[in-house]
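Proteins come first, then strands; the chains are lettered A, B, ... in the order of their sequence lines, and each starts at number 1. Below, all heavy atoms of this structure are taken into account, side chains as well, without hydrogens, waters or symmetry copies.
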2 protein chains.
Amino acid sequence: MTEDRPSNEGFLQIGEAAEQTGLTQRTLRYYEEKGLLRPPSRMDGGFRLYSQDDIERVENIRQLKELLGFSLADIKEMIEAEDVRIQVKAQWRKDAAIAEKVEEIKKALAATRHQVELIDQKVAKMTEMREQLATRAGNYERWLAEREVPAIS
Amino acid sequence: MTEDRPSNEGFLQIGEAAEQTGLTQRTLRYYEEKGLLRPPSRMDGGFRLYSQDDIERVENIRQLKELLGFSLADIKEMIEAEDVRIQVKAQWRKDAAIAEKVEEIKKALAATRHQVELIDQKVAKMTEMREQLATRAGNYERWLAEREVPAIS
DNA sequence: ATCAACCTTGACGCGCACGTCAATGAATGC
DNA sequence: GCATTCATTGACGTGCGCGTCAAGGTTGAT
């Protein structure tokens, strides 16, 4: 029973990370290069090790890009809110300047709300478009119904 | 009262078309080049004249691209349904092979339904995402509420 | 020690969706 | 007729988001 190679305690090497997220290794490195992913931890030899949080973040980026059609630059801005969230989770209890953290959380909150707004706007426009298309489909259907074989009778 | 130059009976030259649609002249020519826009009519000198239908189509493309994030190649496929619609509107009454038109309309209907499906899927995913973000925002708010000055006693 | 499979960092390439000249012609005001 | 403004095609340039070598180092099993 050869363990599937990595087995690094819940961490994934780039190959597996790529497979799981449906992106390529190149893309993962590229996102890191562009500051979309925080540099993941490394093995002694220098191999990247992605945490579960890293993976989630990647999937988040994938959604933002493929689903909402945002550019990586846009996404970078957006997920800086996420950064704050993780930093707070991690640094928490090494407290000190709580006031600063409050400020950061406020920024994160504002950013998140902004994202929600953007999505709402997109959904609204898409819904509008959907109605137009549905109407058009209805027109086609009636057109067809009119000159289709009245068949029986 | 110098009429604003064009004044070509409801038709727009490329400059005005660009202004109205918020795209550039280059982009309009590019879309034409790529077969997304049917070649518009021309003045005697060769200047392009865009009809109101052309403009609507451009705006449709803009929506599909910016709102839904489709590539121009995708959009080209999609709007071939629109082509059929216009052809039917125009050629109508020069009837002949009605059976053919029925087939075309059926294809257009299928394409339109497909677009509706795509939009529904996107809306669904976006809504899901929206909920996640809203939840996160809620968490931030509670976090803040907890350690914000309880103020008045 | 060696081998295959996996990884590393460059660096160049590529397709898309245009931007940006450049040279030339057309439309209109004077 | 002339100037100004708007248009034409053609060609090259550009930024993004990766793909694709190339040359080498690491890991783990045998």
Does atom [atom1] of [X] have more than 12 heavy-atom neighbours, drawn from other residues, nucleotides or ligands, at distances under 6.0 Å?
X         : atom1 : value
Glu80(A)  : CD    : yes
Glu100(A) : CD    : no
Glu56(B)  : CD    : yes

dA11(C), dA27(C), dT8(C): which one has an atom nearest the side-chain heavy atoms of Arg42(A)?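 Out of dA11(C), dA27(C), dT8(C), the nucleotide with an atom closest to Arg42(A)'s side chain is dT8(C).
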
Any idea which of dA26(C), dT8(C), dC18(C) is nearest the Phe47(B) side chain?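 Looking only at side-chain atoms, Phe47(B) lies closest to dA26(C).
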
Could you check Met43(A) against Gln25(A) and say which one's nearest nucleotide on DNA chain D is further toward the 5' end?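 So the residue in question is Gln25(A).
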
If you find the nucleotide of DNA chain D closest to Lys65(A) and the one closest to Gly46(A), which residue's nucleotide is nearer the 5' end?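 Nearest-nucleotide comparison on DNA chain D picks Lys65(A).
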
Show me the donor-acceptor pairs, under 3.5 Å and distance only, between side chains in residues 109-119 of chain B and residues at least two apart or in other chains.
unit_1: Thr112(B); atom_1: OG1; unit_2: Ala108(B); atom_2: O; d: 2.8
unit_1: Arg113(B); atom_1: NE; unit_2: Glu141(A); atom_2: OE2; d: 3.4
unit_1: Arg113(B); atom_1: NH2; unit_2: Glu141(A); atom_2: OE2; d: 2.5
unit_1: Gln115(B); atom_1: NE2; unit_2: Met78(B); atom_2: O; d: 3.4

Which whole-number value in Å describes the distance from [X] [atom1] to [N] [atom2]?
X        : N       : atom1 : atom2 : value
Asn8(A)  : dC6(C)  : CG    : C1'   : 12 Å
Lys34(A) : dC18(D) : NZ    : P     : 11 Å
Leu36(B) : dC16(C) : CG    : C1'   : 12 Å
Leu64(B) : dA17(C) : CG    : P     : 13 Å
Leu37(B) : dA17(C) : CG    : C1'   : 15 Å
Glu19(B) : dA7(D)  : CD    : C1'   : 15 Å
Arg29(B) : dA11(D) : CZ    : P     : 15 Å
Glu33(B) : dT9(D)  : CD    : C1'   : 10 Å

Spatial distance of atom CZ (Arg38(B)) from atom CZ (Arg57(B)) [nearest 0.5 Å]: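 Here the rounded value is 5.5 Å.
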
Could you check whether the side chain of Arg26(A) and the base of dT20(D) have a donor-acceptor pair of N or O atoms closer than 3.5 Å, going by distance alone?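 Side chain to base: pair found, below 3.5 Å.
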
For DNA chain C, which residues of residues 67-77 of chain B approach it to below 4.0 angstrom with any heavy atom?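 Nucleic-acid contacts, sorted: Ser71(B), Leu72(B).
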
Given [N], is OP1 or OP2 found less than 4.0 Å from the side-chain N or O atoms of [X]?
X        : N       : result
Gln13(A) : dC7(C)  : yes
Arg48(A) : dC7(C)  : no
Thr24(B) : dG19(C) : yes
Tyr31(A) : dC18(D) : yes

Which heavy-atom pair separates Ala18(A) from Leu28(A) by the least distance, and what is that distance?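 Minimum heavy-atom contact is N-CD1, 3.7 Å.
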
State, without any angle test, whether Arg142(B) and Asn139(B) hold a side-chain donor-acceptor pair at a distance under 3.5 Å.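 Yes.
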
Gly15(A) vs Thr27(B), nearer the 5' end of DNA chain C by closest nucleotide: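 Nearest nucleotide further toward 5': that of Gly15(A).
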
Name all residues meeting the side chain to side chain donor-acceptor pair (under 3.5 Å) criterion together with Thr27(A); count only those two or more places apart in sequence or in a different chain, and write none if there are none.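 Thr27(A) satisfies side chain to side chain donor-acceptor pair (under 3.5 Å) with Thr24(A) only.
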
